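A short write-up of the structure that comes next.
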Amino acid sequence: MKKRWIAVILVMAMMVVGVGCAKRGEQTAADGEEAAETGEEQPEEPEVEPWTEEDEQELYNLYVSINNEMLGRLADSLGKYFDYVEYQEEYSLLDDDYFCYSISSGFFEDLDRAEELLERKEEKSELDEAYLALAPSVRELGEALNEVYEYTDEDSFLEDDYAKGKELHARVWKSCNEYETLGTDFVNKINELASGKRQEDLAQMQEEGYVVTYAIVSMLTTAQEIQTAIYDQGIEDDTMILQLDTEAIQPLYERYQEEVAAVLAYLKDEEALGAEGYPTMSAYYLTFEDAMENSLEELNEIFKNVAEQKQPASHGMANAFIVDGTILGYNSKVSAMIDEYNRLIGQ
């Protein structure tokens, strides 16, 4: 069951809409009345900034960003590491040379900010508790992978005969095994919350006439439903791809084709985009469009490979630009789509 946990957490959450403004630091009328009644000088207490809807939205958006990094770069880095190192507690290389991908500083900044916010939040949700349980292991895993990246990027293992590599492997192994359980719990909880938010948002978009945003969110939702449908068949990675029952996901596939075509048409309609508050000039339109087209091409190739019972040669790769008809490739392109859309609406 090598790298099983990577397959367990496929579905990504998505940041879609913001919330209304909330005032900070308001004193309640009751507090003022109590002080007036006693006439006594009240001792100064440290001012606690009240928790607001804006804080809740920021925390949710941080969870989404952390989730997406976990399912994107972090999963790719860990997967690449175990392409070269045996998936076991004992350090054993499958090749003389090895490497992994680096984890961005922005990921650790998101972890820091989420923890800052949670220090002020008195009533924790189940999602908050899941994150707090996960945070130490995911931070340690990211830091360990970055050290592996530096160690292997400069071929330092040639100088110390893999001595540090053994130490780093012990850290990676311990943290990724903790992460398997805790990460899955966090991702499942945020996915449940995100699914509910999406349904509410979609209903509101339809009611208020946000046709472009409705089309985009519907398309991204279908892309994720396809991921879930594949995983629900027990297809955990591309070594099992030829067992995929494409007939079972054919309706989703056809819906996705229609929705991608509709969104591509809207992206050429500057008037419709401007009416819904999208930036009229943004490079992210092009990268979002590329990611959409690539995801559909990847899905087309998956269906073709299964129909011809042709095992894709590069099933160990995850590349947002190369189409090779793999589940891993499709997942990477869905991840890229969501990242680009979040960047677009974040401007």
Side-chain angles (χ1 to χ4, degrees), residues 11-21 54 57-73 76 104-107 109-110 113 190-191 193-195 197-206 208-227 256-299 318-321 323 329-347:
V11 182
M12 298 185 66
M14 182 179 62
M15 177 174 63
V16 181
V17 295
V19 294
C21 294
E54 289 177 322
Q57 183 66 32
E58 182 185 359
L59 183 59
Y60 172 72
N61 290 347
L62 286 165
Y63 286 158
V64 168
S65 179
I66 292 165
N67 173 84
N68 290 351
E69 184 77 3
M70 286 166 57
L71 301 178
R73 187 68 170 186
D76 290 347
S104 72
S105 61
F107 178 61
E109 291 167 5
D110 286 345
R113 179 57 181 159
I190 195 173
N191 183 58
L193 179 60
S195 295
K197 281 180 174 287
R198 272 199 296 269
Q199 294 309 311
E200 292 175 8
D201 292 338
L202 284 168
Q204 184 178 348
M205 289 169 203
Q206 270 193 315
E208 298 180 2
Y210 285 90
V211 294
V212 177
T213 306
Y214 178 84
I216 292 173
V217 175
S218 295
M219 178 203 67
L220 294 173
T221 300
T222 300
Q224 294 178 313
E225 288 178 4
I226 291 170
Q227 288 179 306
Y256 190 55
Q257 290 174 310
E258 294 170 359
E259 289 174 342
V260 168
V263 172
L264 288 173
Y266 278 126
L267 292 183
K268 293 178 173 58
D269 189 339
E270 290 188 11
E271 185 177 346
L273 291 168
E276 295 188 24
Y278 286 94
T280 54
M281 298 292 289
S282 173
Y284 294 128
Y285 283 121
L286 293 176
T287 51
F288 179 49
E289 185 176 307
D290 286 344
M292 278 196 315
E293 291 175 336
N294 287 339
S295 71
L296 185 54
E297 287 181 29
E298 193 77 51
L299 206 52
N319 192 301
F321 306 102
V323 174
Y330 175 70
N331 291 337
S332 72
K333 292 168 182 61
V334 173
S335 174
M337 263 200 311
I338 293 171
D339 286 347
E340 297 305 326
Y341 180 63
N342 284 341
R343 290 188 183 104
L344 179 63
I345 64 175
Q347 289 184 306

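These numbers were taken from a predicted model, which means no experiment stands behind them.
In this structure, the separation between CD on Q257 and CG on L296 is 5.5 Å, given to the nearest 0.5 Å. In this structure, the separation between CD1 on I190 and CG on N68 is 8.0 Å, given to the nearest 0.5 Å. Separating the OH atom in Y341 from the CD1 atom in I216 is a distance of 5.0 Å, to the nearest 0.5 Å. Taken to the nearest 0.5 Å, the CD atom of E258 stands 12.0 Å off from the OG atom of S218. Rounding to the nearest 0.5 angstrom, the gap separating the OH atom in Y63 from the CG atom in L193 is 10.0 Å. Remark: T287 OG1 to E340 CD distance equals 3.5 Å, nearest 0.5 Å.
Using a 4.5 Å heavy-atom threshold, the side chains of D110 and E69 count as separate. In this structure, the side chains of I345 and Y278 come closer than 4.5 Å at one or more pairs of heavy atoms. Between F288 and S282, every side-chain heavy-atom pair lies at or beyond the 4.5 Å cut-off. Put simply, the side chain of D339 reaches to within 4.5 Å of the side chain of S335, judged on heavy atoms. Annotation: side chain of V334 is not in contact with side chain of I226 (no heavy-atom distance under 4.5 Å). At least one side-chain heavy atom of Y266 sits less than 4.5 Å from a side-chain heavy atom of V211.
Residues that satisfy the side-chain hydrogen bond (donor to acceptor under 3.5 Å, both in side chains) test with E270, not counting sequence neighbours, are absent from this structure. Taking L264 as the reference, V260, E289, M292, E293 meet the side chain to side chain contact (heavy atoms under 4.5 Å, CB included) condition, with sequence neighbours excluded. With sequence neighbours excluded, the residues forming a side-chain hydrogen bond (donor to acceptor under 3.5 Å, both in side chains) with E208 are Q204, listed by chain and number. Qualifying salt bridge (charged side-chain N to carboxylate O under 4.0 Å, His left out) partners for E200, counting only residues two or more places apart in sequence or in other chains: none. In this structure Y330 satisfies the ring pair (Phe, Tyr, Trp, His ring centres under 6.0 Å) test with no other residue, sequence neighbours excluded. Here E276 pairs with T213 under the side-chain hydrogen bond (donor to acceptor under 3.5 Å, both in side chains) rule; sequence neighbours left out. With sequence neighbours left out, A262 forms a side chain to side chain contact (heavy atoms under 4.5 Å, CB included) with no residue at all. Applying the side chain to side chain contact (heavy atoms under 4.5 Å, CB included) test to A272 and every residue at least two apart in sequence or in another chain returns V212, D269. Legend: residues meeting salt bridge (charged side-chain N to carboxylate O under 4.0 Å, His left out) with E259, ordered by chain and number and at least two apart, are absent.
Y256 OH: more than 12 foreign heavy atoms inside a 6.0 Å radius.
S332 places a side-chain N or O within 3.5 Å of a backbone atom of G329 that can act as its donor or acceptor partner. Judged purely by atom type and a 3.5 angstrom limit, Y285 uses its side chain to pair as donor or acceptor with the backbone of P279.
A side-chain donor-acceptor contact under 3.5 Å links Q57 and N61.
Residues E58 and R113 are paired through a salt bridge, judged by an N-O separation under 4.0 Å between the basic side chain and the carboxylate.
Contact record, A223 with M337: CB-CE, 3.9 Å, taken as the closest heavy-atom pair.
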